[in-house]
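Proteins come first, then strands; the chains are lettered A, B, ... in the order of their sequence lines, and each starts at number 1.
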2 protein chains.
Amino acid sequence: MKDVASAAGVALKTVSRVVNGEPGVHPETAERVRAAIHRLGYSRNESARVLRRGRTATIGLVIEDVADPFYSGLGRAVEEVVIDHGCLLLSGSSGEQPGRERELVETFCARRVDGLIVVPAGEDHTYLRSELEAGTPVVFADRPPGAGLDVDTVLADNVSGAGQAVRHLLGHGHSRIAFLGDNPAIFTAAQRLQGYRAALGGLYDERLVSMRPPSLEAVRDDLARMLALDDPPTAVFAGNGRYTVTVLRALAGRPLALVGFDDFELADLLQPGVTVVAQDPSWMGRVAAELLFRRLRGDVGPSEHIELPVRLIPRGSGERPALPR
Amino acid sequence: MKDVASAAGVALKTVSRVVNGEPGVHPETAERVRAAIHRLGYSRNESARVLRRGRTATIGLVIEDVADPFYSGLGRAVEEVVIDHGCLLLSGSSGEQPGRERELVETFCARRVDGLIVVPAGEDHTYLRSELEAGTPVVFADRPPGAGLDVDTVLADNVSGAGQAVRHLLGHGHSRIAFLGDNPAIFTAAQRLQGYRAALGGLYDERLVSMRPPSLEAVRDDLARMLALDDPPTAVFAGNGRYTVTVLRALAGRPLALVGFDDFELADLLQPGVTVVAQDPSWMGRVAAELLFRRLRGDVGPSEHIELPVRLIPRGSGERPALPR
DNA sequence: GTGAAAGCGCTAACAG
DNA sequence: CTGTTAGCGCTTTCAC
C-alpha cells in the first residue's frame, strides 16, 4: 500500500480510502491510485486489516462430516448465506469426536471468526462460555449444546417425525416395528427413539430396538436376531439416512416394510421406493446462518430455539402390508 | 498477551515463547505463564501472528459444489490432509461459474492462503499468474487450468475410462451406444466424449450423442429422440454421476444397458445394479493436497501432472444384452 | 479533499 | 534463560 501510495504520488490513507471505496477522494486522484494498484498488482492484506479492525469477515462451521450428504447440503446452504454477506467460510469435520469438535472450535476462535455454526459431537460445551461472553455469536444446528449453555439452536422436529413414521406403519397393519438407530448418546438418535417409543405405546418391545453405529455387520446381526424371535418384526424404522441404506443392504430383499429418517437421492429409484421422513438440510443451514447474521447485526434478544418440521414421503417401502409370518 | 505477561510478572516475549512452545524458558516460569493464560482465558490472536509471520497456515479449496458427492468426498480428503499439517481449510463452491471461481480465488489470495487447490470452472486462469509468481503454490484437481499456465495437476484418466465403458458394452453385443454427458466446455465431459468416440471408431454416430447440463427434461427429450431413430441405441454411456442418475430416471425402467462414469452410493442396490467406471474422489483429494504440501515444503521441481486410474465395476446394468428392437 | 501519526497483537532480531 | 525494540500492513483519529 505504501508502494502504491508513492507510485500514485499520494498518501497512504488516500490509497486506503480508494481500496475501501470510502468517499472523499477526488475522482481523478482515485483513478490515479487505481492505475497504480493495477500496475503493481497490489491486493489488500486482509490479515493486517483484520488485525486493525477486529472483525475477520469469517464464519466457522463445524459439522460431523463434509462428505455426508445431509451435512454437505447443510454446509452448502450455510456457504451461500455466508458469501452473500461478504464473508468466507472456514469449515471442518468433527467426525463425531468431541475432542476434534473442541479443537476445531478453539482453532476457529483463535482465528477470531466472527461467528460459529456448530453441529456438536460432544456433550460438554462449557469451553465455549468465555467465547460467548466475549460476544462471538454461536448457533447450534441439528443438535443442541450440552447442559448449561444458553445459545440459539435450529433443530428438526425429530420426535414428531419418528412418531409420524411409526403411525404410518401402524396404519398399514404393522404392530411389530423394529427401530435401528445410531448411538443414543447422539441427540437426534435419542429423540427419534423417544418419538418411536411414544407412538408405539404398549406395543413397545425393547427386543426390537438396537442402537449403535451403523456397520453392515452389526445391522445384519441385529436384524437376524430380531427376525428369529417368536414374534418377529414385520417393519423397520431406520433412525437416519445412513442407517436406512445399511438396513436396505442387510435386508437383502426380504419384504419387510421400511421407513427411514432422512431423505436420500435415489430413494425413489429403488424398488420399492423408500418411504422416508424427510428433513431439509439446506433449509436448516440457511436458517442457522441467517440467525447467526442477525446476531452479528446486533440482535441481542433472548436465545431462539427453532424447530423445523419434517414430512413423511410415502414411496412404497412403508406401505407394504404386514404379511403373516 | 501483554496482560498475561504482567499477570505472570514476565516480559511479553516470554509469554510468546510459552505460547509457541519455544525452548529456553524455565519450567517454573512457563508454569506461571500457563496459569496466567488459563486464568485470563487468553488465546493467541492468529491475525496478528499471521501478519507478523507472513504465513497463514490456511489452504484455500475451490470446488464446483460442496454438496456434490464427488466433490465433497474430494473435499473431505483435502481437509484431512490439511488438518494433519496443522492448517485450516477455507473452502468455497464455484457452482460451475468462472466468475465465481475467480472471485473465490482472489478472495483467498487476499487472505494470503499459503496454497490453493482448485477445481476450475473457467477456461482462463491468467489471473493466477501474479499469485503464482509471488510463490503461492496451486494444484488443479479434476480439471486442468486454461492454456498458458504451468501448474501441478491431478486428473483422472477420463479418456481410457470412457474407452473401458464403451468396450465393455461392445463386448456385450451393443453397437448402438448413446453418450449423454455434460457441456463439452467442461474438461472431463470433453475427455470422456473423446474416449467414447475413439473406442467406437466407425460405429460413432453423432445422432447418439447429446451434451448439455443434466436436467431431467433435457435427458428425457434426448433419449426419446434417439429411441425414435430407425436404428436406436440399445445402450447408454452416461458422462458423470449426476447424468447416470438422471438417465436412470429418464429411462424409467426401459431395459437399455447402462454404464455410468463415477460410482455412487446405492449403485449396487438398484435393480439391476449399475455398472460404473469408478473414480476415487478421496484419493484425488489426498494426492492433490499432499502434492501441495510438498510444494509448500519447498519442492520446486517441474510441475507434475498426475493421472489417476479408474476402474470399471460391473453390477448388471452394463451386462444387459443388446435386445433386438 | 487529503495527510500524518498512532497502534491493532504479535514475532524476529538482538541484547543481556 | 529472559527482556527490549522494531515493525508486519492496515485503519482510526484528528489535523490541515
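A salt bridge is defined here as a Lys NZ or Arg NE, NH1 or NH2 lying under 4.0 Å from an Asp or Glu carboxylate O, and B:Arg295 with B:Glu290 fails to meet this definition. B:Glu46 has a carboxylate O that lies under 4.0 Å from a charged side-chain N of B:Arg44, or vice versa, which qualifies the two as a salt bridge. Salt bridge present: A:Glu31 and A:Arg34 bring a charged side-chain N and a carboxylate O closer than 4.0 Å. A salt bridge is defined here as a Lys NZ or Arg NE, NH1 or NH2 lying under 4.0 Å from an Asp or Glu carboxylate O, and B:Arg76 with B:Glu80 meets this definition.
Residue A:Gly9 is the one, among B:Ser43 and A:Gly9, whose nearest nucleotide of DNA chain C lies closer to the 5' end (criterion: closest heavy atom). Heavy-atom distances to DNA chain D give each of B:Leu51 and B:Ala30 a nearest nucleotide, and the one nearer the 5′ end belongs to B:Ala30. Nearest-nucleotide positions on DNA chain D for B:Arg112 and B:Gly24 put B:Gly24 closer to the 5' end.
Each of B:Glu123, B:Glu96, B:Glu64 was checked for a salt bridge (charged side-chain N to carboxylate O under 4.0 Å, His left out) with B:Arg143, and the lone residue meeting it is B:Glu96.
When rounded to the nearest whole Å, the span between NZ of B:Lys2 and P of D:dT5 equals 14 Å. B:Arg49 places its CZ atom 21 Å from the P atom of D:dC10, with the value rounded to the nearest Å. We find that CG of A:Leu12 is positioned 13 Å from C1' of D:dC8, with the value rounded to whole Å. Between B:Glu28 atom CD and D:dC1 atom P there is a gap of 12 Å when expressed in whole angstrom units.
Under 4.0 angstrom from either OP1 or OP2 of D:dT2 there lies at least one side-chain N or O belonging to B:Thr29.
Inter-residue side-chain proximity for B:Leu155 and B:His305 is flagged as unmet; no heavy-atom pair is nearer than 4.5 Å.
Relative ring orientation between B:His85 and B:Phe293 is described as parallel, the plane-to-plane angle staying below 30° on a 0-90° scale split at 30° and 60°.
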Every protein N/O lying under 3.5 Å from an N/O of nucleotides 12-16 of chain D:
none

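Note on A:Ala11: only backbone sugar-phosphate atoms sit closer than 4.0 angstrom, heavy atoms only; bases stay farther off. Residue-level contact check: B:Ser47 touches neither bases nor backbone, having no heavy atom under 4.0 Å from any strand. As judged by a 4.0 angstrom heavy-atom cut-off over every strand, A:Val10 is placed among residues touching the sugar-phosphate backbone only.
From the 5' end on, the contacts that DNA chain C makes with chain B at under 4.0 Å to a non-hydrogen atom open and close at C:dG9 to C:dA13.
Looking at B:Asn183, its side chain never comes within 3.5 Å of a backbone N or O of B:Ile186 through a donor-acceptor pair. The backbone N or O of B:Asp124 lies less than 3.5 Å from no partner atom in the side chain of B:Thr126, so there is not a single donor-acceptor pair.
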